[in-house]
Amino acid sequence: MKEQDIDDRMKDVLEKLSEKELRMTPQRILISKTILAMVKNHSSLKEIYDETQKVLPRVGMSTVYNTIKMLESLKIIDTFDIDGKMRIDQTFPHINIYCRNEDSIIDVDGQAIEEIKQVLSKYGINVDVKKILIDGKCNNY
Ligand SMILES: [Zn+2]
């Protein structure tokens, strides 16, 4: 995410917090910016913690975790688990393809979700699909 985008998202975060009459410490703001910069990469808690250590060497893992959960509760980011490990994610409806052999996650959005909804509706299932995780081995790139 570009620096400008991160600043815009931070403004959003601070506005949402002030609506709830909550404030953030400068430390939490720095952690939030680190999280926002990493959200497109589906980073893990450990990766975010390691990155946070570069700017805030004394910060604890639980503070990083709590900041992730706060951003999730404000609907700024999403989280999901792979093999019991938390990953951060963007909030728009999309498909995450987890490539086990690469340990990487690719986003597929838009039309694919609509097509899956149509297949489900043939089975009489109407679901507001927000996120799909496809978990497997990739060999196409
Ligand atoms: Zn994603």
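Order of appearance sets the numbers: ligands from 1, and atoms from 1 within every ligand. Just so it is clear, the values below take in all heavy atoms, side chains as well, and ignore hydrogens, waters and symmetry mates. Just so you know, residue 1 is the first one in the sequence shown, and it goes up from there. Owing to the predicted nature of the structure, the values given are computational and were not obtained by experimental measurement.
- Of all N/O/S atoms in D107, OD1 sits nearest the Zn ion (ligand 1).
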| task | For side-chain contact (heavy atoms from CB on, under 4.5 Å), just list the numbers for D107 and K40, CA-CA rounded to whole Å, side-chain angles, deciding distance to a tenth of an Å, and then say yes or no. | result | CA-CA 9 Å; D107 282 338; K40 272 190 186 163; 6.0 Å; no
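- Judged by distance alone, the side chains of E72 and T79 do bring a donor and an acceptor atom under 3.5 Å apart.
- Among the backbone and side-chain atoms of D78, no N/O/S atom is found under 2.8 Å from the Zn ion (ligand 1).
- Rounded to 10°, the angle formed at the Zn ion (ligand 1) by D89 OD1 and H94 NE2 is 90°.
- Contact check on R9 versus D5 returns no salt bridge, with no Lys/Arg side-chain nitrogen under 4.0 Å from an Asp/Glu carboxylate oxygen.
- In the displayed structure, F80 atom CZ is contacted under 6.0 Å by more than 12 heavy atoms of other residues, nucleotides or ligands.
- Checking N96 against the Zn ion (ligand 1), an N/O/S atom falls under the 2.8 Å cut-off.
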